[in-house]
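Reminder, nothing fancy here: chain letters follow the sequence lines and each chain counts from 1.
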Amino acid sequence: MTGRVCRGCGGTDIELDAARGDAVCTACGSVLEDNIIVSEVQFVESSGGGSSAVGQFVSLDGAGKTPTLGGGFHVNLGKESRAQTLQNGRRHIHHLGNQLQLNQHCLDTAFNFFKMAVSRHLTRGRKTAHVIAACLYLVCRTEGTPHMLLDLSDLLQVNVYVLGKTFLLLARELCINAPAIDPCLYIPRFAHLLEFGEKNHEVSMTALRLLQRMKRDWMHTGRRPSGLCGAALLVAARMHDFRRTVKEVISVVKVCESTLRKRLTEFEDTPTSQLTIDEFMKIDLEEECDPPSYTAGQRKLRMKQLEQVLSKKLEEVEGEISSYQDAIEIELENSRPKAKGGLASLAKDGSAEDTASSLCGEEDTEDEELEAAASHLNKDLYRELLAATPGSSEAAGSPQWSGRPPALESLLDPLPTAASLGISDSIRECISSQSSDPNASGDGELDLSGIDDLEIDRYILNESEARVKAELWMRENAEYLREQREKEARIAKEKELGIYKEHKPKKSCKRREPIQASTAREAIEKMLEQKKISSKINYSVLRGLSSAGGGSPLREDARPEHSGSARKLSRRRTPASTSAADAVTSMGKRLRPLVSTQPAKKAATGEGLLPSSPALGAEPARPQAVLVESGPVSYHADEEAEEEEPDEEDGELCVSALQMMGGNDYGCDVDEDDGY
Amino acid sequence: MDADSDVALDILITNVVCVFRTRCHLNLRKIALEGANVIYKRDVGKVLMKLRKPRITATIWSSGKIICTGATSEEEAKFGARRLARSLQKLGFQVIFTDFKVVNVLAVCNMPFEIRLPEFTKNNRPHASYEPELHPAVCYRIKSLRATLQIFSTGSITVTGPNVKAVATAVEQIYPFVFEITT
């Protein structure tokens, strides 16, 4: 603290003594600061005369609180969240790493990655298992071990792509560049699994050469390295007279049979495959091939070109056909009223009808054939016209088109005309407001330019169609609707019975505050309040012990508070006591040691009780206060475990006490209190 | 030379995704019953409506928010969205066409040469990531444009970005990197 001013004299010359921890003004001598935190090392003399420094080693990770007070269980109790996360992570990493047979160095590195990830909040919103797998795989990649992501996903039973996503994110966020996988890394591992015996090394060498050849031939880009390995090993095995079937290789390498075959055929296409075994071992061909997908693409291009040439030729032929088509159409125009009788009345040219009828007699046979062709052509033409805008269609086949709109309108009339009428006002509003506001897009008005209303009308079904569609939908989604109805029925029933529990979205658990209690007894009470009641604790003994110390004073003074708190305790423990009774009878032996540890606590609580409970109202100390004051605990436990019938008898005697306590189910508890 | 090749390279836009709001509550059941080209997904609470003219598929929620996919250009997307709003108007809803925004553009482009992916990844470390076990392409992200490119060894590149301009710029940016790694 430089630059401080003395309070007494105003001088700035202040001396700081680090050893004594004082700050003194040299001018007037007044002590400005006492007990400054010093960072001196203290020494302590040990037996035998040597001296050692005082202090503890604190780990970087955790808060440093040693959890060994209780004997080692509840390891995570009392540590802060970050330390717990890291410890859990470490445990998982070791568990997984041992399954993968990674050495300690790798596991430590993985744990470092995990620590980095936690500090950058990458574990939030992700399953810890995924993050840990990603850390381990990152280590495998950086160290170059022959572990695949597939192995990890096998162990965890998680989709490979999910793990891959997490892994990529981790690598990106931690700015770690994982070197690309070399298929050669996997060869020793797979060769070992395929059991080549003595010739393992030779086969591996051959397979490596094959792989390098494949790399030069561009077979390995974009492919799973395990597939390439499988193909190389298969060929190498055959070269050395080992019979390894495709199935065996697949089970080791974990790729699909078709993938393996494909790789083999690709390799077959390369010029290297033409060499004999000896030649292959000696010579290395100079030229490199194109990647197989590239050659496939080239083939496709060539096919396309062929098709184009063909289509050009076809066009010439089509030109001739279209001229025939025109001729046919002309005939059809003349004969249409005969073909489509219903719409003939709607057709505008009456003269056409007359001519058609006159023509009909002459060209009956021709017309029949033409009709068939015409109807077919008409349909196509119709569809084309529909697709094109009405403007252009008018140019194409006007008489045909003129026949259409009236028909359509007659069909669509029963449509939501009311709707269209209703909308017309809003449409007019839209259009008028649009014209008033030149900047239409900003205001959100619908710009109707280029929108064909008629076509949109076609998208709207009429009533009968709507009914049919509704039926279809109901039938298709019957399953879902049934589930919904069942769910509703269930909820209604639960509501009637009054046990309807609304499943609200889970609120995040509030972090529990550390229990602040002045006495041990209060601490126990509060802990029991907060935590779930365990069936292994003998609450009656707990209660007995807690009031054991304050037995005599209790008798004298009216301690309603004590009884009140005891009542609270009893009520809380009511559900547990019955279970405790059952537990006791079933696990009598197990309970005894537990119970024996309790008295230590309870004696303390009993004594602490005196100052904690002030004198209040007039409720006299009840007889059970005397009863509660119990002797050695183990005796009670024995009684409980062995003599169940006396429990019930005693229970009857003390019913009144129990009732006052408010816990009617305390058969065994009361017994305990009685028979000391 | 690069500029010339850019001009020669044709970038094909395959998909444009856009969103807009109708500012009015839509009764999905009514749309489902009266529309001829709709699929009603009641379990997720949306309606899929497909238009033929600009071939688009729209996802309609009852809140009035609509997502339009399948268009092949930005203008077409806007046109299709307007048609959709018009057809909803015809069904009887008070539709207002607001907040039209193109959200995503997907384009494909073909390089006339192959690309060596492992080398490419090594040279472009932080932006490129290549996992042959997972996906055969290199994933290259351009943060400034918010664009992602998937580069395949055959030379075809798939680009996704927030608008057409970003996509074009991304292709221009990646061309020099890719060109130096050819065979």
Side-chain angles (χ1 to χ4, degrees), chain A residues 148-150 160-161 164-165 167-168 171-172 175 177 179-181 218 220-226 288 290-291 293-294 296-297 387 416 419-420 422-423 426-427 430 440-441 443-453 455-461 465-467 469-470 473 477 480-481 484, chain B residues 20-23 29 32-43 49 51-53 78-79 82-87 89-100 110 113-118 121-122 125-126 129-139 141 152-156 183:
Chain A
M148 299 191 288
L149 199 57
L150 268 173
V160 173
Y161 296 106
K165 201 169 160 194
F167 165 70
L168 281 174
R172 199 175 44 210
C175 304
N177 296 320
I181 305 176
W218 277 74
H220 81 295
T221 33
R223 268 81 189 281
R224 287 241 174 105
S226 43
E288 292 179 358
D290 291 329
S293 42
Y294 184 72
S420 44
I423 303 174
S426 57
I427 294 173
C430 289
S441 54
D443 287 346
E445 304 302 337
L446 194 55
D447 181 16
L448 291 171
S449 60
I451 293 180
D452 177 26
D453 280 353
E455 190 180 334
I456 292 181
D457 276 337
R458 226 167 282 133
Y459 286 134
I460 304 176
L461 304 166
E465 288 174 343
R467 249 181 289 130
K469 184 164 181 194
W473 188 87
N477 300 26
Y480 173 72
L481 288 171
Q484 293 293 86
Chain B
F20 70 95
R21 296 173 63 179
T22 59
R23 296 250 181 220
R29 201 187 144 87
L33 281 176
E34 296 181 16
N37 48 344
V38 294
I39 304 170
Y40 184 21
K41 292 200 173 205
R42 195 177 153 193
D43 29 353
M49 186 184 261
L51 255 57
R52 261 181 242 123
K53 176 68 181 305
K78 183 141 197 194
F79 183 59
R82 282 193 287 122
R83 286 192 115 216
L84 195 70
R86 182 83 179 94
S87 58
Q89 256 182 3
K90 293 216 137 190
L91 282 172
F93 302 103
Q94 303 278 345
V95 162
I96 303 175
F97 187 72
T98 51
D99 298 336
F100 176 80
N110 246 305
F113 44 79
E114 310 99 66
I115 305 165
R116 275 196 286 260
L117 299 183
T121 330
K122 256 182 263 176
R125 249 314 144 68
S129 75
Y130 175 44
E131 281 300 311
E133 287 193 10
L134 296 173
H135 191 58
V138 171
C139 178
R141 284 177 208 267
F152 290 85
S153 61
T154 55
S156 86
T183 40

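Contact of A/L149 with chain B is made through backbone and side chain together, with heavy-atom distances under 4.5 Å. Both the backbone and the side chain of B/R42 have a heavy atom closer than 4.5 Å to some heavy atom of chain A. Using a 4.5 Å cut-off between heavy atoms, B/T121 makes no contact with chain A at all. For B/V138, no part lies near chain A; criterion is any non-hydrogen pair under 4.5 Å. Heavy atoms closer than 4.5 Å to chain B are found in the side chain of A/Y480, but not in its backbone. Of the two parts of A/L481, only the side chain, counted from C-beta on, holds a non-hydrogen atom closer than 4.5 Å to a non-hydrogen atom of chain B.
The minimum heavy-atom distance between B/K78 and B/F100, with the atom names listed, is CA-CZ, 3.6 Å. Nearest heavy-atom pair across A/S226 and A/M148 is CB-SD, 3.7 Å. For the pair B/H135 and B/F152, the tightest heavy-atom approach, listed with the atom from each and the gap, is NE2-CZ, 4.1 Å. When all heavy atoms are compared, the tightest approach of B/D99 to B/R21 is OD2-CD, 3.0 Å.
Interface remark: of the candidates B/D43, B/L117, B/T22, B/D43 forms the most heavy-atom pairs closer than 4.5 Å to chain A. For chain A, the option among B/A32, B/S156, B/P136, B/C139 with the highest count of heavy-atom pairs below 4.5 Å is B/P136.
Between A/W473 and B/Y40, the angle of the ring planes stays under 30°, which puts this pair in the parallel group of the 30/60° scheme.
Taking A/R467 as the reference, nothing meets the salt bridge (Lys or Arg N to Asp or Glu O under 4.0 Å) condition, with sequence neighbours excluded.
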